[in-house]
Protein chains: 2
Amino acid sequence: MPELRRITSADVARRAGVSRATVSYVLNATPGQSISPATRDRVLEAASGLGYAPSAAARTLRTGRSDVVLCLLPDWPIGNEVGNLLGNLSTALAREGLTFVAHPGSREDRPIAEIWKAITPAAVLSFTDFSDGETEAMQAAGVALVVALLGRAGRHALELELPQQLTGRRQAEHLTGTGHRSLGYAYPDDPRLRIFADPRLAGVRAAAGGEPVVRTVPLDPVAAAVAVDRWCAEGVTGICAYNDEVALAVLAGARRLGLTAPRDLAVIGVDDIPAARLAVPPLTTVTTDQGALAAHLATTVVAAISGRSAPLLSAADLVRVVIRESA
Amino acid sequence: MPELRRITSADVARRAGVSRATVSYVLNATPGQSISPATRDRVLEAASGLGYAPSAAARTLRTGRSDVVLCLLPDWPIGNEVGNLLGNLSTALAREGLTFVAHPGSREDRPIAEIWKAITPAAVLSFTDFSDGETEAMQAAGVALVVALLGRAGRHALELELPQQLTGRRQAEHLTGTGHRSLGYAYPDDPRLRIFADPRLAGVRAAAGGEPVVRTVPLDPVAAAVAVDRWCAEGVTGICAYNDEVALAVLAGARRLGLTAPRDLAVIGVDDIPAARLAVPPLTTVTTDQGALAAHLATTVVAAISGRSAPLLSAADLVRVVIRESA
DNA sequence: CTGTTAGCGCATTCAG
DNA sequence: CTGAATGCGCTAACAG
């Protein structure tokens, strides 16, 4: 078992027969420094030969900024879509030399400050809002950018708000486009989902002819059946569900009542989870191009870190309806 | 806009009228140092008054170790269950003063070294295996613990291998317990899921009377129907599915053939996703106690970081069958 | 041009 | 309870 010691830039310098400064200049390709190709190669070779890995801690300490982008996850269960978004975001940021990490778990477990203090990120993304104090503290500590994706609007551009609204619009448009005049909205049971549900519902409101009949639908066939029963009694013929799971619940509820979609009740979900196409009947739903969304988010982060202004999101093509049989 | 400067321990020391060393001793409650309560209070008060947050980078640089636990996520879509596990893990580690972060995205985007170099974690968890070189490099860089959760066995204790096998066992046991003699295994379409699927299948093999008939089942009703058709022709009456989604596909395939579960074909899934109870018929499935599993993983990490030996996982109660109607 | 010296950033910790 | 050294990389100022 070899004695494992950390390899530092001093080791590389020694091996290459140069100073540590030179090593730094070569490895960072510092502009405005002219180093002879021969020296350069020697340094490069020494570095890779030794397997040199600069200490992120030292670099962060010195520059006051790491290349890590931290995403604070909400404490509700993250589904496929969010997972997908995170993966795409990670890929997109990697292309910019940034390391993406996500912190799951509620803010109650660990005060949010503990987390960014431990990471010293270049940017922090959050689905929910920060308090003013939190934002200030982070910026004081050198965090370049703080972005809230959803929540009450403030000085932040709520980057995810628009796509969510658009999602609702598309649902309502599809239903009204297929002749449904009286819509219902199947709201999720879990209060933590409000920050997603509210903008979606707002989108439905904006696109629907009249005010949709909102009803909370638990992920349970029996409970869902009573919601469906009432909707039908009120003459509602089309349901926009918060997501595919809620849509599946609506479908299950309808089935219990002997109703079939889309004839007795049209249902449209959100997300296009795998179970959607396997449902009875296959679920019509709305999907978001997570890759494009992630690319935009990445651009926003990079722009802000380097002081440039971020481009606007062109949301139009981001969201589209997947037509199957339920609506 | 106030000029925001980072508050350092020197600021606290100045305000409290003591040296930086004293500040450090007080704030870290360093054992073997006797500091008078009066001084202690002055330091504490100064620190909170100024909103002092120790620089993680400096601390990491000095101690050579951060309090961050990094989890490398696989590049396949992470579902609810993994998300759940991560959340629980985060909570469990937070109780130990450790910060949990996850890095999504494939290793191709960013060489794995880039990632831990940017974080300097105390421990690294991964679902897949590391190469020997990677492990060595990490340990050389001061990473205390490297754990692979699944993959080819080596010097690591593959912590997740056992629960996965147990999952398969429970599926097979339930089916044989309800009179099924000839079992099929519905293998996932996505090759990236092998590391999960193989231990589960091994569990089924171990618990089933004979060798199950393995068939790949895509998440598509038509394709699933042909698989089901062949199973039935071979006299298979019970299907263990890789997970609930695959089980849903089997159910959809059976429905296309005019077969109904569980009479013509019993199906059991894994995960108990929300869609499972909403399926037609409601899906019998196997769940893992993610909280308990996360607690064990957290204990393992903490033990290893502090040099103690980790307890063995008592997996018996971890996995249980949720009986509904499909099997 | 090419490369070096020196000091900084911040918390920890040993010897006083 | 304090002074001073330490961990590692960056970079302005400077010498050959």
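Remember, it's a predicted structure, so these values are computed and weren't measured experimentally.
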Inset, instruction - Please check if the side chain of A:Ser90 supplies one atom and the backbone of A:Leu86 the other of a donor-acceptor pair under 3.5 Å. - result: no
Legend entry - Gap between atom CZ of A:Phe100 and atom CG of A:Asp67 - 0.5 Å precision: 13.5 Å
Legend entry - Flag, side chain of B:Asn88 to backbone of B:Leu85, donor-acceptor distance under 3.5 Å: no
Inset, instruction - With heavy atoms under 4.0 Å as the rule, sort B:Val23 into base, sugar-phosphate or nothing. - result: nothing
Legend entry - Sub-4.5 Å side-chain heavy-atom contact between A:Leu27 and A:Pro54: no
Inset, instruction - Under 4.0 Å between any heavy atoms, over every strand shown, what does B:Leu27 touch: base, sugar-phosphate, or nothing? Just pick one. - result: nothing
Inset, instruction - Verify the neighbour count for atom CZ of B:Arg194: are there more than 12 heavy atoms of other residues, nucleotides or ligands below 6.0 Å? - result: no
Inset, instruction - On DNA chain D, check which nucleotide each of B:Pro37 and A:Thr8 is closest to and give me the residue with the more 5' one. - result: B:Pro37
Inset, instruction - Please determine if a side-chain N or O atom of B:Ser55 lies less than 4.0 Å away from the OP1 or OP2 oxygen of C:dC10. - result: no
Legend entry - DNA chain C: stems of at least 3 consecutive Watson-Crick or G-U pairs whose donor-acceptor distances fall under 3.5 Å: C:1-16 with D:1-16
Legend entry - Proximal nucleotide (of C:dT12, D:dC8, C:dT4) relative to the B:Arg59 side chain: C:dT12
Inset, instruction - For B:Ile35 and C:dT12, give me the distance from atom CD1 to atom P, rounded to whole Å. - result: 13 Å
Polar atom pairs (N or O), protein with nucleotides 13-16 of chain C, under 3.5 Å:
{"unit_1": "C:dC14", "atom_1": "N4", "unit_2": "B:Tyr25", "atom_2": "OH", "d": "2.5"}

Inset, instruction - With heavy atoms under 4.0 Å as the rule, sort B:Leu61 into base, sugar-phosphate or nothing. - result: base
Legend entry - N or O in side chain of A:Ser36 less than 4.0 angstrom from C:dT2 OP1/OP2: no
Legend entry - Side-chain heavy-atom pair B:Asn28, B:Gln33 within 4.5 angstrom cut-off: no
Inset, instruction - Would you mind classifying the nucleic acid contact of A:Ser19 as base, sugar-phosphate or nothing, using non-hydrogen atoms under 4.0 angstrom? - result: base
Legend entry - Rounded interatomic separation in angstrom, taking CG from B:Asp11 and P from C:dC10: 9 Å
Inset, instruction - Check each of B:Val101, B:Val124, B:Leu93, B:Thr99 against B:Val69 using the side chain to side chain contact (heavy atoms under 4.5 Å, CB included) test, and report the only one that passes. - result: B:Leu93
Legend entry - Upstream residue (5' side of DNA chain D) when B:Arg42 and B:Ala58 are each assigned their closest nucleotide: B:Arg42
Inset, instruction - For a side chain to side chain contact (heavy atoms under 4.5 Å, CB included) with B:Ile35, tell me which candidate from B:Asp41, B:Val26, B:Val43 qualifies. - result: B:Val26
Inset, instruction - Indicate yes or no for a side-chain donor-acceptor contact from A:Thr22 to the backbone of A:Val18 under 3.5 Å, with no hydrogens or angles considered. - result: no
Inset, instruction - Would you mind reading off the distance between B:Arg14 atom CZ and C:dC10 atom P, rounded to a whole angstrom? - result: 12 Å
Inset, instruction - Establish, with yes or no, whether the OP1 or OP2 oxygen of C:dT2 is under 4.0 angstrom from a side-chain nitrogen or oxygen of A:Ser34. - result: yes
Inset, instruction - Whole angstrom is fine here: how far is it from CZ in A:Arg65 over to P in C:dG9? - result: 16 Å
